[in-house]
Trainee: 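First the structure, then my questions, so here it is.
The sequence lines fix the lettering, A, B, ..., with proteins before strands; numbering per chain opens at 1.
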Amino acid sequence: MTAANMQDRVKNVVIIGGGTAGWMTAAGLASMLGQTGLNITLIESEAIGIVGVGEATLPHIRLFNETIGVNEAEFMAATSATFKLGIEFCDWGRLGDSYIHPFGEFGLANEGVAFHHYWRCMQDDAETAPDIGALDEYSLPILACKMAKFQPPSEDPRSVLSTYRYAYQFDALQYAPFMRDHAEKRGVTRIEGKVTHVDQDSGTGDILSVTMDNGQSISGDLFIDCTGFFGLLIEKTLETGYDEWSKWLPCDRAVAVPCEHEGTLLPYTRATADKAGWRWRIPLQHRTGNGHVYSSGFTSDDAATDSLLANLEGKALADPRQLRFVTGKRRKLWNRNCIAIGLSGGFLEPLESTSIYLIQEGVTKLLEMFPQTSNFTVHAEEYNRRMDLEFERIRDFLILHYHATERDDSAFWNYMRTMDIPDSLAEKIELFKSSGRVASYNHGLFLMPSWVAVYIGQRVMPQRYDWRADRLDKGHIKKHLSGLRNHMHQAAMSMQDHASYIQNNNMARRPVTAAS
Amino acid sequence: MTHIAPLRTIVLAGSGVRLALCAALIARHCLSEATKIIVLNCADADIVDADMILRPDMQRLHNDLQIQVDALQSRAKARAVYAVDCAYDGGRIALPFGDYGMARDGAAFHHHWSKGKGLGQPYDLDQYSPSLAIHHGKSQLPLAIAAQIGIGFGLQVDRAGYAQLLLAKARDLGAKIVSAAQVTVRKGSADYPYSITMDSAQFEADFFIDVSRSGQWAGSIGLAETGWQDHSLYLPYSDQPQGIEASHLYSAIQRFIDMLPTRGGGTAERREYNRLAQEQSERIADMVCLLGNDDKSISQRPALRRKIEVFQTCGRIPVEDYEVFSPAEWLTILLTKCGNPLHHDRLADRLSEQDLLIWLDQLRGKIGQLKRQLESI
Ligand SMILES: Cc1cc2nc3c(=O)[nH]c(=O)nc-3n(C[C@H](O)[C@H](O)[C@H](O)COP(=O)(O)OP(=O)(O)OC[C@H]3O[C@@H](n4cnc5c(N)ncnc54)[C@H](O)[C@@H]3O)c2cc1C
């Protein structure tokens, strides 16, 4: 860098907001760029608090934790976390249906033909169908979910125990303090206070500084808006605009309540479709997180709360808490010298636990595109392009859950079933319906097994399968499938009990206190 | 029970390596008791008496077809290549198949190198490329050794020999190979969409694949451009940069196999195939355009423009959904044409200046050592 460049170097990053997004961003930047002369300041307001939900994650979070040097056992204990091998969807295709979207493969591909084609070929034949069973039976993580088992995947690619990945379910109120601890140890400065004023450059519109209610002013080169739904910088200050997707994802409210945990500790999240939305159940070590996501256009707050409370599996531990949101994303997640990460950037609703993943992607892509100097235009465009793609591809996957239904028992489901969907999704569904094939992309979160799980789980049965599956003799396939099923069953049985695994590996809860 | 009707007859027409590659792969994946593959090996219009380069991804094809190194060596005179020389508007340039140096602290190697340059280390980036070290070296590596040293390589093969090897493979797998002087393709009956006349014989086909470079038959059945239409496929052809021909063809056929239609079906599969094929062709066209440095065309290619702008600004190379060329290839040409980026990746600053210079020295030393070792073989 030239001396002139050095002067212009980005030195001060100011993060506003200390929820999951704020502290993940702080921890990510401090761990990766702390030693490059970057000063990171985080301002949060205890008076405002955090959204306090967001407890189910996706396997990618492990990479984030590893990259920033989080110790798994410490993390599990500090956040009362459990392991997660998938999400169970109840009542989505039809009332009474249930399937699990697993974090792993179905069966094994053979001769370039994906496993589900063989399964479909056998299941399609009245003679072989009775012996074949559900597709679920060929997924190790699904079997483990059903048996409440857990064990980290094997690193030996030949082992059936290598065919899955895992994520976590953690206490949202304990996660931010854990990340805070991690970030502060790596040099992040935390300031308590409410930002009441934002000072902008009169010419460029860039943010120069923020001022708190006690009059203290903090200036910076780059500002990260992690103020949650407030969108203090990205929207209230910069008026970036929001692309609303509520015509496809009309749920706009949630009510959440924790309850006592009873029974077996399950390694999966459950999402049960309700009359005008769906209810979540997330098992943690010390309690169960519950919530009801619904559309205010189709039900009332009271009815939604009643339905949530009526379905709790244990005694409520707090009063129900209401939340409001609009599904969609900011037109630009990086606008001028401000980047919106977390709920300030957008929200696609929590059905597939994608929000924390999007925070992680926001941080990772920011690290990749981190500007050396304050000339950001190209960085911002590239960052926005890549994040837009992430949001859009997740959006299509979420819409699929609502649209691929036979439910006609409420106005909500009638709307969802019959609404127009984005062309990008319509084409994917048509491809699967007609041939059992899944459209492929190199970028984007959800890969073939995820799409197959939801399609088949919600009764989008392919009319055809890859005819090359017929090249094998049916008796041979049957024998192979039966062997595979047994093998997977045995493997799942041999895994450890989920709760015992946590106990035996020094992961039982020891939350970090907020002030540590 | 759903009635799944496999294609009864797939007919391929063309010549040379293109035909042979397509025939072997289709025979490997589509032949069955119910499905015949007829390969019309036409006059030698496409055969050029020359060598051709196969990029490293072609190794997957050889594995899939179980073609052994010995056969490649003895029948196609294969030898390992580590880069391709290609022309660009400023002269000639070698695009390496393998990475430069190694990534560290989250930053790709060239950011460290670029920072090192700023600190006074004098060496060019190619000094840190094992691939280029071997490419520019004096010796030719035997394939068996190339396979052992763990650096990705492609092959230079004798075109005619390679074609024969693949065609023999197709035959062994059960494809029917027919030499044909004159082939005409017409739309057929309701039962068989195509009727093919070859010299005096006639075939009916459920699916027809035009493998010729020029789309010799595609026009007569209404296919103006490469792609999949109705029940026929006109496979793409690219010859620039060197080595892309076989890879482009291979991935196009593989994509077709991934979307293999049933008899009479395939609307959604066709759309998906064409989408993917189009994306891939765009990526090749991006590279050709950059090599040619046609400013007007560059301005009309958003993905390429983005690559140039982002690279110039911060040295990153944006990756599109369906990339064909490796980051090292893009880096080589971008660096040659655009010069050093304005800034290196901030992540490269995690390494202290002193450690950086020591590390760069060590890496260069190791590459020099490797080069000397290989030259002594
Ligand atoms: C109902 C629901 C369920 C969800 N479930 C999941 C899930 O299962 N999985 C998942 O991945 N995600 C889930 N999410 C999303 C997840 O909760 C969020 O992505 C995550 O909590 C990050 O929130 P945040 O940090 O952006 O915002 P918040 O937690 O709201 O934090 C905002 C921060 O900004 C501060 N702040 C605001 N204004 C000011 C100001 N003026 N001055 C100073 N500080 C200020 C606040 O004090 C707070 O610290 C869910 C969301 C909802 C609504």
Trainee: Answer with side chain, backbone, both or neither: which region of B:L351 has an atom nearer than 4.5 Å to a non-hydrogen atom of chain A?
Mentor: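 No part of B:L351 comes within 4.5 Å of chain A.
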Trainee: Does atom CD (B:E353) have a neighbourhood of more than 12 heavy atoms from anything else shown, all under 6.0 Å?
Mentor: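 No, the 6.0 Å shell around CD holds no more than 12 heavy atoms from other groups.
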Trainee: Which bit of B:E272 is near chain A, if near means a heavy-atom gap under 4.5 Å: side chain, backbone, both or neither?
Mentor: side chain
Trainee: Taking side chain as everything from C-beta outward and backbone as N, CA, C, O, which of these in B:T35 sits under 4.5 Å from a heavy atom of chain A? Side chain, backbone, both or neither.
Mentor: side chain
Trainee: So A:H379 and B:T313, side chain to side chain contact (heavy atoms under 4.5 Å, CB included) or not? Walk me through it.
Mentor: CA-CA 8 Å; A:H379 300 77; B:T313 310; 3.4 Å; yes
Trainee: With rounding to the nearest 0.5 Å, note down the distance linking CE in B:M259 to CG in A:D466.
Mentor: 9.5 Å
Trainee: State, with a plain yes or no, whether a side-chain heavy atom of B:V319 is found less than 4.5 Å away from one of A:H443.
Mentor: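 Counting from C-beta outward, B:V319 and A:H443 do come under 4.5 Å.
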Trainee: If you draw the axis of the six-membered ring of A:Y441, does the NZ or CZ of B:R275 fall within 45° of it and under 6.0 Å from the ring centre?
Mentor: yes
Trainee: With a 4.5 angstrom heavy-atom cut-off, could you sort out which part of B:R306 is near chain A: side chain, backbone, both or neither?
Mentor: side chain
Trainee: Crowded around B:K169 NZ? As in, over 12 foreign heavy atoms under 6.0 Å?
Mentor: yes
Trainee: Please tell me if the side chains of A:M369 and B:C314 come closer than 4.5 Å, counting only heavy atoms from C-beta onward.
Mentor: yes
Trainee: Is it the case that over 12 heavy atoms from other parts of the model lie below 6.0 angstrom from the NZ atom of A:K365?
Mentor: yes
Trainee: Quick check on A:R385 against chain B: is it the side chain, the backbone, both or neither that has a heavy atom closer than 4.5 Å?
Mentor: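 The answer is the side chain of A:R385.
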Trainee: Where on A:S440 is there a heavy atom nearer than 4.5 Å to chain B: the side chain, the backbone, both, or neither?
Mentor: both
Trainee: Inspect the surroundings of NZ in B:K117 and state if more than 12 heavy atoms from other residues, nucleotides or ligands are less than 6.0 Å away.
Mentor: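 Counting neighbours around NZ of B:K117, more than 12 heavy atoms of other residues, nucleotides or ligands fall under 6.0 Å, so yes.
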Trainee: From A:R468 CZ over to B:I257 CD1, what is the distance, rounded to the nearest 0.5 angstrom?
Mentor: 6.5 Å
Trainee: If you tally heavy-atom pairs under 4.5 Å against chain A, which of B:L276, B:T267, B:D258 wins?
Mentor: B:D258
Trainee: In Å, rounded to the nearest 0.5 Å, how long is the span from CD of A:E430 to CD of B:E269?
Mentor: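 Here the interatomic distance stands at 9.0 Å.
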Trainee: Could you give the distance from CD1 (B:I4) to CH2 (A:W467), rounded to the nearest 0.5 Å?
Mentor: 11.5 Å
Trainee: What part of B:E320 gets within 4.5 angstrom of chain A, counting heavy atoms only: side chain, backbone, both, or neither?
Mentor: both
Trainee: Let me know if B:L7 has heavy atoms under 4.5 Å from chain A in its side chain, its backbone, both or neither.
Mentor: both
Trainee: Step through the shown structure and confirm whether more than 12 heavy atoms of other residues, nucleotides or ligands are within 6.0 Å of NZ on B:K337.
Mentor: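 Counting neighbours around NZ of B:K337, more than 12 heavy atoms of other residues, nucleotides or ligands fall under 6.0 Å, so yes.
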Trainee: Where do A:E111 and B:R28 land on the side chain to side chain contact (heavy atoms under 4.5 Å, CB included) test, with the steps shown first?
Mentor: CA-CA 9 Å; A:E111 293 287 316; B:R28 163 79 180 87; 2.5 Å; yes
Trainee: If we define contacts as heavy-atom pairs under 4.5 Å, which of A:M32, A:K428, A:E381 has the most with chain B?
Mentor: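 Of A:M32, A:K428, A:E381, A:M32 has the most heavy-atom pairs under 4.5 Å with chain B.
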Trainee: Could you state the interatomic distance from CG (A:L33) to CZ (B:R346), rounded to the nearest 0.5 Å?
Mentor: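 It is 6.5 Å, given to the nearest 0.5 Å.
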Trainee: Looking at side-chain heavy atoms only, is the closest gap between A:Q463 and B:T262 below 4.5 Å?
Mentor: no
Trainee: Could you measure the distance from the CD atom of B:E279 to the CG atom of A:N442? Nearest 0.5 Å is fine.
Mentor: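 Answer for the CD-CG pair, B:E279 versus A:N442, is 9.5 Å.
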Trainee: Heavy-atom distances under 4.5 Å only: say whether B:R350 touches chain A with side chain, backbone, both or neither.
Mentor: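 B:R350 touches chain A through backbone and side-chain heavy atoms alike.
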Trainee: Check this for me, if you would: do A:E382 and B:R316 make a salt bridge, where the nitrogen-to-carboxylate-oxygen distance has to be below 4.0 angstrom?
Mentor: no
